[in-house]
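In what follows, a single structure is set out as C-alpha cells and then discussed.
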Amino acid sequence: EWAVFTLNAITGNIDRPGGVYHHGGAIDNTALIHKFTKRKNPAPSRVGKYPQIFGGPPCTVFADDVLSDDPGRIRALIVIAGNPVISFPNTQKIEKALEKLDLLVCIDLYKSDTGTFADYNLPAATIYEKGGLHVLTQPFEPYPFAEWRPKVVEPKGEARPEWDIARDIFRAAGLPFLNNPIINALDKMMAVVGSGFSEQHLAQYLLVSGMSQKKMSLKRLMKTQGGIKFGAVKWGQFLKSGLLTEDKKIQLCPAEFSAELAKVLTQSLPDKEEFPFTLISGGRRLASFNTWTHNMPSMMKKLQGNHATMNVDDAQRLGIANGGTIRVTSTTGTLDIRVVVSSDVRIGVLVIQQFWGHYYNSGQRLANKYPGVNVNLLHDDRVRDTFTGMPVFNGTACKIESIAITTA
C-alpha cells in the first residue's frame with residue numbers, strides 16, 4: 001500500500017482526475033470522527049501499549065486483556081453489527097475470551113456467530129425499518145453527495161434502531177450520549193417532552209454546521225428523491241489544505257517507516273522447509289461481503305462456503321487434485337479445506353477467503369448449512385502492525401498436505 005501511494009505521488013497522480021483523490025464528502029468525516037472521539041481515553045492499550053484509534057485499542061490485544069488476571073482487565077463488551085469470533089485472529093483464543101467476559105451484548109439483525117456467546121442478543125432494525133443519513137460511506141462516492149433513505153416499514157417484534165438501543169445503554173450506564181456533553185444535555189431536555197435527541201436531529205446539525213460543505217436543511221434533503229450532489233470535486237484542495245502532516249506535505253518516506261522496513265528485512269523468517277507456503281486471506285468473492293451475505297439464499301447459491309486456491313504447479317508437485325481436500329498448518333493452528341487449482345496464484349502462495357467458519361448455533365440457518373472454514377485459526381494474534389497493533393492477515397507461513405476424506 002505504501003509503494004502504491006508513493007508511485008501515485010511521484011507520478012503526479014494524487015488529487016487529480018483519474019488519480020487517487022479525497023473529496024471530503026458532503027459532510028467532513030474526518031472532522032466528525034475527531035469531534036466525537038475528542039473525549040476518548042488518551043492512555044495506550046493496557047496490553048502492548050498501543051495508541052487508541054477512534055477511542056479504542058486494536059483487536060489483537062482483546063483476548064490477552066480479557067484472559068489476564070489483571071483487576072483492570074476488559075470485563076464487558078458490546079458488539080454492534082460485528083462478528084469478532086469470525087473476524088479476529090487466533091479463533092480458539094477469541095472463543096475463550098468471549099466465554100470469560102462478565103457481560104457480552106450483541107446488537108444485530110439476527111443472532112450471529114458471536115451472539116452464541118452473548119448474555120443478551122438485542123434485535124436491531126434493518127435499513128428499511130429505520131432509514132437515515134449514511135455519513136460514513138461518503139468517501140466512496142465519486143463526488144460530495146448525500147441522500148436521506150426513508151423508512152419503508154415498521155420494525156418487526158422487539159427490533160429497534162441501534163440509535164435507540166445505544167441511547168438507553170448510555171443512559172443506564174450514566175455516560176454522556178454519543179460521548180458528547182452538549183448532545184447529552186440536549187437529549188435529557190428533549191426527553192422530557194419526547195424521545196430525546198434523534199438521528200434526524202444529528203443529521204440536521206451536521207447539515208447546517210461547519211462540517212457540511214454546503215449548508216442545507218434536512219427537510220429539503222428528505223424531500224429530494226435520489227439524494228443531492230453538494231458540488232463537484234475541487235481538484236487541488238486536498239493537497240493545499242487537507243493534509244494533516246506538520247509541514248502539510250506528503251511524507252513519502254517517514255523516518256519511522258524506513259526504520260521499520262530495515263528491521264523487517266533483517267528479521268528471521270519461519271523455517272521454509274517446515275512452512276514453505278505463504279498464506280494470504282484478503283481474497284474475496286463478489287457474492288461475499290464480510291459475513292453479512294452468508295445467510296442470503298441468492299448469494300449462498302453462488303458461494304456454498306469458501307475454499308483455498310493454490311498454484312497448478314504446486315498442486316502437481318504435491319499430488320493434489322483440483323477439488324480435493326488439503327490440510328493447512330501454521331504455527332498457530334490447523335484446518336482442512338477444499339482446494340481449487342489455478343494459474344492465477346503465484347507458486348508458493350495459498351489463498352483462503354476470510355469471514356467464514358459458521359460452526360456456531362446462531363440464527364443464520366443457511367450460513368450454518370454451508371459453514372466454510374475460518375482461516376483465522378491459522379493467523380497468530382501476536383503478529384501485529386508495529387504502529388497500530390492491528391493484526392497481520394497476509395504473509396502467514398504454512399505447510400500444505402493432501403488428505404483423503406472418508407465417509408461412513
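For reference, positions follow the sequence shown, starting with 1. Values in this document were obtained by computation on a predicted structure and should not be read as measured data.
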Inset, instruction - Would you mind checking if Glu246 and Lys249 are paired as a salt bridge, meaning a charged N to carboxylate O distance below 4.0 Å? - result: no
Inset, instruction - Using modelled atom types only, decide if a donor and an acceptor are shared between the side chain of Asn295 and the backbone of Leu366 within a distance under 3.5 Å. - result: yes
Legend entry - Spacing of NE2 belonging to His379 relative to CG belonging to Asn376, to within rounding of 0.5 Å: 5.5 Å
Legend entry - Point-to-point distance, once rounded to the nearest 0.5 Å, from NZ of Lys240 to NZ of Lys234: 11.0 Å
Legend entry - Side-chain donor or acceptor of Asp119 paired with backbone N/O of Leu104 under 3.5 Å: yes
Inset, instruction - Run the salt-bridge test on Asp65 and Arg73 with the 4.0 Å N-O cut-off and return the result as yes or no. - result: no
Inset, instruction - Please report the shortest heavy-atom distance between Met310 and Leu318, naming the atom on each side. - result: CE-CD1, 4.3 Å
Legend entry - Shortest non-hydrogen contact between Val47 and Val61, atoms and distance: O-CG1, 3.3 Å
Inset, instruction - Check whether any side-chain heavy atom of Leu303 sits under 4.5 Å from a side-chain heavy atom of Arg285, and report yes or no. - result: yes
Inset, instruction - For residues Tyr205 and Leu218, determine if any side-chain heavy atom of one lies less than 4.5 Å from a side-chain heavy atom of the other. - result: no
Legend entry - Test item: side-chain donor near acceptor, Asn374 and Thr91, under 3.5 Å: yes
Inset, instruction - Using a strict 4.0 Å threshold on nitrogen-to-oxygen distance, state whether Arg384 and Asp64 make a salt bridge. - result: yes
Legend entry - Minimum heavy-atom distance between Ala125 and Leu109, given as atom pair plus value: O-CD2, 3.7 Å
Inset, instruction - Return yes when atom NZ of Lys100 has more than 12 non-hydrogen atoms of other residues, nucleotides or ligands closer than 6.0 Å, and no otherwise. - result: yes
Legend entry - Spatial distance of atom CH2 (Trp2) from atom OG (Ser258) [nearest 0.5 Å]: 6.5 Å
Legend entry - Test log, rule ring pair (Phe, Tyr, Trp, His ring centres under 6.0 Å), inputs Phe117 and Tyr360: CA-CA 9 Å; Phe117 295 84; Tyr360 309 94; 5.6 Å; yes
Legend entry - Electrostatic pair Arg149:Glu147 at N-O distance under 4.0 angstrom: yes
Inset, instruction - Would you please name every residue forming a side-chain hydrogen bond (donor to acceptor under 3.5 Å, both in side chains) with Thr137, sequence neighbours left out? - result: none
Inset, instruction - Count the heavy atoms belonging to other residues, nucleotides or ligands that lie under 6.0 Å from NZ of Lys96, then report whether that count exceeds 12. - result: no
Legend entry - Tyr50 side chain near Thr388 side chain, heavy-atom distance below 4.5 Å: no
Legend entry - Check: Phe197 main-chain N/O paired with Asp187 side-chain donor or acceptor under 3.5 Å: yes
Legend entry - Side-chain touch Val328/Thr334, heavy atoms, less than 4.5 angstrom: no
Inset, instruction - Please confirm whether the backbone N or O of Ile183 pairs with a side-chain atom of Asn180, one donor and one acceptor, at under 3.5 Å? - result: yes
Inset, instruction - Could you tell me whether the side chain of Ser342 and the main chain of Thr309 form a donor-acceptor pair under 3.5 Å? - result: no
Inset, instruction - Would you confirm whether Asp314, through its side chain, and Ile347, through its main-chain N or O, come within 3.5 Å as a donor-acceptor pair? - result: no
Legend entry - Validation row: Leu377, Thr332 side chains within 4.5 angstrom (heavy atoms): no
Legend entry - Minimum heavy-atom distance Ala26-Phe145, with the two atoms named: CB-O, 3.7 Å
Legend entry - Side-chain donor-acceptor contact under 3.5 Å, His358 with Asn368: no
Inset, instruction - Look up atom CG in Leu122 and atom CD in Glu158, then write down how far apart they are to the nearest 0.5 Å. - result: 9.5 Å
Inset, instruction - Supply the atom-to-atom distance Leu98 CG to Glu95 CD, rounded to the nearest 0.5 angstrom. - result: 8.0 Å
Legend entry - CA sep, side-chain torsions, deciding dist, call: Thr116, Asn361, side-chain hydrogen bond (donor to acceptor under 3.5 Å, both in side chains): CA-CA 6 Å; Thr116 62; Asn361 186 25; over 6 Å; no
Legend entry - Pro44 vs Gln52 side-chain heavy atoms within contact, under 4.5 Å: no
Inset, instruction - Can you establish whether the number of heavy atoms outside Leu265 located under 6.0 Å from its atom CG is more than 12? - result: yes
Inset, instruction - Decide whether a cation-pi geometry holds between Lys151 and Tyr128; the criteria are a distance under 6.0 Å from NZ or CZ to the six-membered ring centre and an angle within 45° of the ring axis. - result: no
Inset, instruction - Test side chain to side chain contact (heavy atoms under 4.5 Å, CB included) on Ile326 and Ile320 and set out the steps. - result: CA-CA 8 Å; Ile326 58 173; Ile320 296 172; 3.7 Å; yes
Inset, instruction - Give a yes or no on whether Ile182 atom CD1 has more than 12 heavy-atom contacts from other residues, nucleotides or ligands under 6.0 Å away. - result: no
Inset, instruction - Give a yes or no on whether a salt bridge exists between Arg167 and Asp164, defined as a side-chain N under 4.0 angstrom from a carboxylate O. - result: yes
Inset, instruction - Verify, without hydrogens or angle tests, whether Asn306 (side chain) and Gly372 (backbone) share a donor-acceptor contact under 3.5 angstrom. - result: no
Legend entry - Closest approach of Lys302 to Ser298 (non-hydrogen atoms, all atoms of both residues): CG-O, 3.9 Å
Legend entry - Arg160 vs Glu129, salt bridge (charged side-chain N to carboxylate O under 4.0 Å, His left out): CA-CA, chis, key distance, verdict: CA-CA 8 Å; Arg160 294 194 298 158; Glu129 297 169 328; over 6 Å; no
Legend entry - Minimum side-chain heavy-atom gap Thr396-Thr278 below 4.5 Å: no
Inset, instruction - Tell me, yes or no, whether the heavy-atom count around Gln92 atom CD, taken from other residues, nucleotides or ligands under 6.0 Å, exceeds 12. - result: no
Inset, instruction - Using a cut-off of 6.0 Å, state whether more than 12 heavy atoms not belonging to Lys369 lie near its atom NZ. - result: no
Inset, instruction - May I ask you to test the Ile352-Val373 pair for a side-chain heavy-atom distance under 4.5 Å? - result: no
Legend entry - Exam field: side chain His23 to backbone Val233, donor-acceptor pair closer than 3.5 Å: no
Legend entry - His294 and Trp356 aromatic ring geometry - parallel, tilted or perpendicular at 30°/60° bounds: parallel
Inset, instruction - Please report the shortest heavy-atom distance between Ile94 and Ala63, naming the atom on each side. - result: CD1-CB, 4.0 Å
Inset, instruction - Sequence neighbours left out, what pairs pass side-chain hydrogen bond (donor to acceptor under 3.5 Å, both in side chains) with at least one residue falling in residues 7-18? - result: Thr11-Asn13, Asn13-Arg16
Inset, instruction - Identify, with sequence neighbours excluded, every residue that meets side chain to side chain contact (heavy atoms under 4.5 Å, CB included) alongside Glu260. - result: Lys263, Val264, Thr386, Phe387
Inset, instruction - Answer yes or no: are there more than 12 heavy-atom neighbours, outside Gln267 itself, under 6.0 Å from its atom CD? - result: yes
Inset, instruction - Output yes when Arg382 and Asp380 qualify as a salt bridge under the 4.0 Å nitrogen-oxygen rule, no when they do not. - result: yes
Legend entry - Arg365 atom CZ, over 12 foreign heavy atoms within 6.0 Å: no
Inset, instruction - Keeping the roles fixed (side chain from Gln138, backbone from Ile27), state whether a donor-acceptor pair exists under 3.5 Å. - result: yes
Legend entry - From CA spacing to verdict: side chain to side chain contact (heavy atoms under 4.5 Å, CB included), Arg327, Ser402: CA-CA 6 Å; Arg327 177 160 293 160; Ser402 178; over 6 Å; no
Inset, instruction - Could you tell me the separation between the CH2 atom of Trp163 and the NZ atom of Lys130, rounded to the nearest 0.5 Å? - result: 11.5 Å
Inset, instruction - Verify, without hydrogens or angle tests, whether Glu199 (side chain) and Gly132 (backbone) share a donor-acceptor contact under 3.5 angstrom. - result: no
